[in-house]
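Just so we're clear, the structure is a prediction, and the values are computed from it rather than from any experiment. Side chains included, hydrogens not; waters and symmetry mates left out as well; all remaining heavy atoms used.
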Amino acid sequence: MEKMSFNFHMPTKVVFEEGAAESLVKHVKGTSLLMMCDPFFYKNGSAQKVAEATHIEKVVFFSEIEPNPSCQTVDRAAEIARSNHVDVVIGLGGGSAMDASKMAACLINNEGSIFDYYSTGDKVLKPRDAQLICIPTTAGTGSEVTNIGVYTNKETGIKMPFASEYFWPDIALIDPELTHTMPSHITASTGMDAFTHAIEAYWSVNSNPISDALSISVIKTILENIETACKEPTHSAARKNMAFASVAAGISFSQTKTTGIHAVSFPLTTDFGASHGLACSITLPAFIKLAYNGRKDKMDALFAMLGYDCVDAFINRVEAIMEAINLPTRLSALNIKESDLKKIVEVSMKAPLIHFTPVKVDEDILYDLLKSIL
Ligand code: NAD
């Protein structure tokens, strides 16, 4: 019999409850709060309500977080946190706000700039002193339960993930009601981001029985709920199910890392302006076809559990859902031409994640995959 051996490490406390943001006082431990939030939630007053729910009197807001947060934005937030002697950081928003909050919280007691630690930086982060609470408002990235932050260097235009033991939030507080305001196109792209997390974790060379169980549940849940969540934004069951799927997918890929889909998503975002979820979902059907060859038995078992008799039937269903929620499956939708492919391949191949795909992916294979969906 084949031996079973794996590790599973996810130290974040998960609090999942409708209206949970109102009971934050039960969770915070500190006297000076930096509320790092998506600009949308500052403008509509929700960030202020969440801050009030902490009962902390000293509160500083930082709401200048752009999608795909820049290193420069993170440094500005850290400076504000240091000068206000912040000991609690809340990241309220999509993956962008949560990722920015992770590094800013660490930099409070780690000297210097993000550039000293990330990319070519040679310093190593010390344990974070401030409490970190992440509250997602999209159902997609799962950043609230990962030790990863993704940052873009505005000067070079390069977007790269960074992992640290001190990025695991102390608390992931998931309140599905916060996702009700997402417009359909953001629900669609972020929801498919969670779907790619689950599917990449499932076929990853690093998968394990716990990540598999989570991924299977996520894939089923998203197939059953994403269309309703897009079409009926306040449908509380669909929103709750998508919020669950996002957090479960995050826990799953936090153990396995992602694979080729995410490697290719970075240049599609930085060079062609695709939102993160769209940059992932656009190559999803083509990657399913490719990765299937490296994981036939496991993928067939998944398809059977979900009621599909072959890989093409599953791909057809995924494509039909993407069409129903207005997500493109052709690179031409991002104005990508054949002459752009060489550079996309070159950048994607530099991301170590590409090697977690369960089949060999080299320059030629990736070029052909992208050409097939032009
Ligand atoms: P986002 O945080 O960039 O937000 C996208 C848009 O949605 C913004 O305009 C924002 O204002 C809006 N928005 C967010 N919540 C809303 C709501 N409830 N109502 C109305 N508008 C809302 O999007 P995202 O997809 O959640 O995050 C993407 C970022 O996360 C990327 O940088 C990506 O690389 C990163 N990411 C991180 C991880 C991780 O583990 N750390 C995983 C996947 C992706």
Side-chain angles (χ1 to χ4, degrees), residues 68 95 138 140-143 146 148 150 159-161 188-207 211-212 214-215 218-219 222-223 226 245-246 249-250 252-272 274-295 298-299 302 311 314-315 317-319 321-322 325 327-331 333-334 336 341 344-363 365-374:
N68 311 296
T138 57
T141 69
S143 172
T146 76
I148 298 159
V150 191
K159 178 174 176 181
M160 265 179 33
S189 60
T190 55
M192 288 310 284
D193 183 24
F195 191 82
T196 66
H197 291 155
I199 206 145
E200 287 185 282
Y202 185 77
W203 72 41
S204 166
V205 298
N206 302 317
S207 64
S211 64
D212 284 350
L214 289 167
S215 290
V218 169
I219 291 166
I222 294 181
L223 289 172
I226 193 165
S246 173
S252 182
F253 92 85
S254 75
Q255 308 301 304
T256 64
K257 302 199 174 59
T258 50
T259 70
I261 295 177
H262 272 70
V264 177
S265 79
F266 299 133
L268 298 189
T269 293
T270 51
D271 297 355
F272 299 93
S275 69
H276 177 70
L278 170 57
C280 290
S281 59
I282 200 161
T283 62
L284 170 67
F287 261 104
I288 298 174
K289 199 173 262 180
L290 177 74
Y292 175 70
N293 296 316
R295 276 277 198 245
K298 196 173 172 188
M299 295 299 283
L302 169 73
V311 61
F314 182 72
I315 292 174
R317 176 76 183 120
V318 171
E319 285 183 331
I321 288 181
M322 288 177 64
I325 60 176
L327 285 178
T329 50
R330 295 267 147 198
L331 295 174
L334 300 176
I336 294 175
L341 298 187
I344 298 172
V345 168
E346 201 182 294
V347 177
S348 308
M349 290 304 297
K350 284 194 190 134
L353 295 176
I354 197 117
H355 303 297
F356 299 136
T357 315
V359 284
K360 182 177 168 235
V361 183
D362 62 18
E363 278 87 353
I365 291 170
L366 188 55
Y367 189 96
D368 289 345
L369 179 148
L370 296 173
K371 197 171 163 204
S372 75
I373 55 166
L374 263 181

How about Y202 and L302: do any of their side-chain heavy atoms sit closer than 4.5 Å?
yes
Identified side chain to side chain contact (heavy atoms under 4.5 Å, CB included) partner of L370 from the options I282, L268, I344, I365
I344
Residues which pass ring-ring contact (aromatic ring centres under 6.0 Å, His included) with H262, listed by chain and number, not counting sequence neighbours:
H197, H276
I need the minimum non-hydrogen distance between G294 and V359, along with the two atoms involved.
N-CG1, 3.2 Å
Please check if atom NZ in K371 has more than 12 non-hydrogen atoms from other residues, nucleotides or ligands closer than 6.0 Å.
no
Distance col, row I336:CD1 vs L374:CG, nearest 0.5 angstrom, shows 8.0 Å
Are any non-hydrogen side-chain atoms of L334 and L278 less than 4.5 angstrom apart?
yes
What's the separation between atom OG in S265 and atom CG in L284, rounded to the nearest 0.5 Å?
12.0 Å
Side chain D193, main chain G277, donor-acceptor under 3.5 Å:
no
Do V218 and S252 have side chains that approach each other closer than 4.5 Å (heavy atoms only, starting at C-beta)?
no
State, with a plain yes or no, whether a side-chain heavy atom of L331 is found less than 4.5 Å away from one of F272.
no
For L290 and V361, run side-chain contact (heavy atoms from CB on, under 4.5 Å): C-alpha distance rounded to whole Å, both residues' side-chain angles, the deciding distance at 0.1 Å, then the answer.
CA-CA 9 Å; L290 177 74; V361 183; 4.2 Å; yes
Please walk me through it: do I219 and F314 pass side-chain contact (heavy atoms from CB on, under 4.5 Å)?
CA-CA 11 Å; I219 291 166; F314 182 72; 4.2 Å; yes
Note, E200 side chain near L353 side chain (heavy atom, < 4.5 Å)
no
Can F195 and L223 be said to form a side-chain contact (heavy atoms from CB on, under 4.5 Å), step by step?
CA-CA 9 Å; F195 191 82; L223 289 172; 3.9 Å; yes
Specify the closest pair of heavy atoms between A279 and T283, including all atoms of both residues, with the distance to one decimal.
O-OG1, 4.4 Å
For Y367 versus L341, what's the shortest heavy-atom pair and its separation?
CE1-CB, 3.6 Å
Between the CG atom in D212 and the OG atom in S207, the distance rounded to the nearest 0.5 Å is 4.5 Å
Once rounded to the nearest 0.5 Å, what's the spacing between atom OG of S275 and atom CG of L327?
8.0 Å
Donor-acceptor pair, distance only, cut-off 3.5 Å: does the side chain of S211 make one with the backbone of Q255?
no
Under a 4.5 Å cut-off applied to non-hydrogen side-chain atoms, are L366 and I354 in contact?
yes
Nearest heavy-atom neighbours spanning P285 and E319:
CB-OE2, 3.5 Å
d(M299 CE, I288 CD1) to nearest 0.5 Å is 6.0 Å
Give the intermediate values and the outcome of side-chain contact (heavy atoms from CB on, under 4.5 Å) for residues L369 and K289.
CA-CA 9 Å; L369 179 148; K289 199 173 262 180; over 6 Å; no
Would you compute the distance between atom CZ of F287 and atom CD1 of I315 and round it to the nearest 0.5 angstrom?
12.5 Å
N68 and V150, any side-chain heavy atoms less than 4.5 Å apart:
no
Between D362 and M349, the two heavy atoms sitting closest are CA-CE, 3.8 Å
Are the side chain of S215 and the backbone of A198 linked by a donor-acceptor contact shorter than 3.5 Å?
yes
pair F266-P161: side-chain heavy atoms closer than 4.5 Å:
yes
Counting only N and O atoms by type, is there a donor-acceptor contact under 3.5 Å from the side chain of R295 to the main-chain atoms of S204?
yes
Heavy-atom pair with the smallest gap, counting every atom of T270 and K159
CG2-CB, 3.5 Å
